[in-house]
Amino acid sequence: MDRMRSMKGLAPNVFTYNCLIDGFCNCVDIEIGKELFDQMNEVGVSPNVITLNILVDGMCRHGRINGALNFFSGMQGNRLKGNAVTYTTLITAYCDIDHIVKAVDLFDQMLASGCSPDASVYHRLISGLCKAGRMDAASNVLSKLKKVGFRPDIVCYNSLVRGFCKKNMVDKAYDIIKEMEEAGVKPNSVSYNSLIAYFCQNGNFGLAREAMEWMINEGHVPTIATYGDLIHAYCSNENIKEAMKLFNDMSSTSKIPPNTITYNIRIESLCNNNDINGALFLVDDMKAKGVKPYSDTYNAMFKGLKENNLLEDAFRLMDAMIEHACKPDYITMEILTGWLSTVGESGKLTSFIQGYKVSPLSE
DNA sequence: TTAGGGTTAG
């Protein structure tokens with residue numbers, strides 16, 4: 001931009017600034033984005049609503065949601081009014097941090113300010129309310145959405161199905177599915193998976209498998225999440241045989257190979273049953289199948305190894321983490337700190353944190 | 001040429 005201005009004598013316009021601010025907000029530094037915003041005013045380029053939205057979104061993405069709201073409020077007093085995009089961004093951000101009251105408040109504020117919401121604003125709010133388990137309010141917003149002439153889409157319906165299932169209101173979930181069919185929005189695998197998850201959580205394997213059949217008859221294949229739910233539920237109910245069967249079916253018949261989460265479910269279950277060798281075998285199996293273990297895989301293992309005080313195996317896995325650049329998270333640290341300090345191996349932990357291997361059998 | 005992407009498993 002500097003070269004454009006000085007060498008070509010071209011003045012940057014609002015597009016130039018918006019692109020630049022977006023770049024700084026997304027990957028470098030919000031403060032520079034704000035400085036550029038101030039600079040626009042100094043050089044007489046008027047920011048538009050897109051400039052506002054870029055900054056609001058940037059602040060939200062950097063966890064500065066209240067800062068974003070303050071910035072927005074400050075602008076509203078001046079010449080910049082928000083639009084549906086501004087409100088969607090803020091409502092989504094507040095929903096994500098479970099400040100659902102604030103999200104609803106912003107929605108009301110939008111209506112009061114005369115800014116007309118689009119379908120997206122309704123969708124986000126419904127999704128947020130469903131996640132928060134506020135199904136009455138979600139149903140309410142759904143009615144409003146329809147009243148003003150929008151139509152819920154598949155994602156919006158799925159939020160509702162899931163929300164009702166989580167609240168043990170499965171009849172309501174079925175009502176939504178019925179409504180979807182009537183509205184010509186075909187339930188998809190996500191819709192069925194919500195029902196399957198509900199039955200799994202209640203240990204109702206008969207109905208879970210029935211829902212899976214229903215899903216298949218409707219032309220949807222079970223997904224990695226379908227299998228994950230079922231395998232987890234079978235493990236929790238100590239029906240390891242059935243869990244194993246599904247796990248093996250995944251690679252052979254279903255052509256959906258188990259992923260990291262599927263492995264984690266089984267590894268956790270084996271560790272809980274003190275079958276450490278079985279769990280270690282699965283970690284090797286992951287390697288053989290090219291499935292990458294993440295910190296939670298290691299955490300499950302460390303927990304099991306700690307219970308059984310199998311230090312050498314833990315050192316081996318700590319090295320594997322270093323080798324594969326898998327970063328320990330706070331859970332890893334919690335498990336290892338407690339364990340290694342009681343057995344007088346805190347030195348290993350220090351090396352581990354610094355990214356050095358710990359295993360080479362120190363004297 | 002610039003802005004918002006929301007639903008599923010551990």
Side-chain angles (χ1 to χ4, degrees), chain A residues 12-23 25-26 40 45 47-58 60-61 68 80 82-93 95-96 103 117-131 138 152-166 176 180 185 187-198 200-201 208 215 220 222-236 243 246 250 256 258-272 293-297 299-300 331:
Chain A
N13 62 11
V14 65
F15 289 96
T16 327
Y17 274 102
N18 286 350
C19 291
L20 202 53
I21 293 173
D22 193 37
C25 282
N26 282 335
M40 289 175 83
V45 178
N48 59 15
V49 66
I50 298 179
T51 326
L52 169 72
N53 291 342
I54 289 168
L55 280 159
V56 166
D57 182 55
C60 287
R61 280 181 206 274
L80 269 179
N83 61 10
V85 176
T86 329
Y87 284 102
T88 306
T89 304
L90 286 164
I91 287 171
T92 308
C95 286
D96 283 346
D118 57 16
S120 200
V121 188
Y122 285 96
H123 292 163
R124 299 310 171 78
L125 189 59
I126 291 171
S127 147
L129 289 166
C130 289
K131 266 192 185 157
D153 63 5
I154 179 78
V155 176
C156 184
Y157 276 128
N158 283 343
S159 295
L160 289 153
V161 171
R162 183 132 201 109
F164 281 125
C165 283
K166 280 202 160 167
I176 295 288
M180 292 170 78
V185 180
N188 63 11
S189 54
V190 177
S191 332
Y192 293 103
N193 284 349
S194 293
L195 285 174
I196 294 168
Y198 166 80
C200 281
Q201 269 155 31
M215 165 182 187
H220 301 284
T223 65
I224 189 91
T226 320
Y227 284 107
D229 274 327
L230 281 162
I231 291 172
H232 180 233
Y234 279 123
C235 285
S236 304
L246 278 173
M250 288 180 78
I256 305 170
N259 65 6
T260 304
I261 299 180
T262 326
Y263 272 99
N264 289 353
I265 293 167
R266 295 228 42 240
I267 288 171
E268 266 175 43
S269 151
L270 289 167
C271 284
N272 284 338
Y294 290 111
S295 57
D296 26 22
T297 315
N299 292 347
I331 298 173

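Per chain, numbering begins at 1; letters A, B, ... match sequence-line order.
What you find for A:L160 and A:A138 is that their closest heavy atoms are CD2-CB, 4.1 Å. For the pair A:A208 and A:L230, the tightest heavy-atom approach, listed with the atom from each and the gap, is CB-CD2, 4.1 Å.
The nearest whole Å value for the distance from the CD1 atom in A:I21 to the P atom in B:dT2 is 15 Å. Separating the CG atom of A:D118 from the C1' atom of B:dG5 is a distance of 12 Å, rounded to the nearest angstrom. Rounded to whole Å, atom P of B:dA9 lies 17 Å from atom OH of A:Y294. Distance A:I54 CD1 to B:dA3 P: 6 Å, rounded to the nearest Å. When the P atom of B:dG10 is taken as reference, atom CE of A:M250 falls 14 Å away, rounded to whole Å. Here B:dG4 presents its P atom at 7 Å from CG of A:D22, a figure rounded to the nearest Å. The interatomic distance linking A:L230 (CG) with B:dT8 (P) rounds to 17 Å, in whole Å. Residue A:N188 contributes atom CG, which lies 12 Å from atom P of B:dT8 at whole-angstrom precision.
No hydrogens or angles were tested; on distance alone, nothing pairs the side chain of A:N48 with the base of B:dA3 as donor and acceptor under 3.5 Å. For a distance-only test at 3.5 Å, the side chain of A:N259 qualifies as a donor-acceptor partner of the base of B:dA9. A donor-acceptor contact under 3.5 angstrom links the side-chain atoms of A:D296 to the base of B:dG10. Between the side chain of A:N53 and the base of B:dA3 there is at least one donor-acceptor pair of N/O atoms closer than 3.5 Å. Interface remark: the A:N158 side chain does not form any donor-acceptor pair with the B:dG6 base, using a distance-only criterion of under 3.5 Å. A donor N or O paired with an acceptor N or O is found under 3.5 Å between the base of B:dG4 and the side-chain atoms of A:T88.
Nucleic acid contact class of A:C95 (heavy atoms, under 4.0 Å, all strands): none. At a threshold of 4.0 angstrom between heavy atoms, the contacts of A:H232 are confined to the sugar-phosphate backbone, with no base atom among them. If you check every strand for non-hydrogen atoms under 4.0 Å, A:I265 touches sugar and phosphate atoms only. A:S159 comes within 4.0 angstrom of the backbone, heavy atoms only, and of no base. Using a 4.0 Å heavy-atom criterion, one finds that A:I126 contacts no nucleic acid atom at all. Contacts of A:N299 with the nucleic acid, taken as non-hydrogen atoms under 4.0 Å apart, are absent.
Interatomic distance, CD1 of A:I50 versus OG1 of A:T86, reported as 10.0 Å (0.5 Å rounding). Note that CD1 of A:I176 and OG of A:S191 are 11.0 Å apart. Values are rounded to the nearest 0.5 Å. Atoms CD1 and CG, from A:I331 and A:D296 in turn, are 7.5 Å apart once rounded to the nearest 0.5 Å. Atom CZ of A:R124 and atom CG of A:L90 lie 11.5 Å apart (nearest 0.5 Å).
Of the candidate nucleotides B:dT8, B:dT7, B:dG4, B:dT7 has the atom nearest to the side chain of A:V155. For A:V85, taking side-chain heavy atoms from C-beta onward, the closest of the listed nucleotides B:dA9, B:dA3, B:dG6 is B:dA3. Of the candidates B:dT8, B:dG10, B:dA9, B:dT8 carries the atom nearest the A:V190 side chain, counting heavy atoms from C-beta on. Listed candidates were B:dA3, B:dG4, B:dA9. Nearest to the side chain of A:I261 is B:dA9. Relative to the side chain of A:A84, the nucleotides B:dT2, B:dG4, B:dG6 differ in distance, and B:dG4 lies closest. Of all nucleotides listed (B:dA9, B:dG4, B:dT2), B:dG4 comes nearest to the side chain of A:D57.
At a threshold of 4.5 Å between non-hydrogen side-chain atoms, the residues A:T88 and A:H123 do not count as touching.
Between A:R266 and B:dA9 there is no side-chain N or O to OP1 or OP2 distance below 4.0 Å.
With centres under 5.5 Å and a plane angle under 30° as the test, the ring of A:F15 is not stacked against the base of B:dT2.
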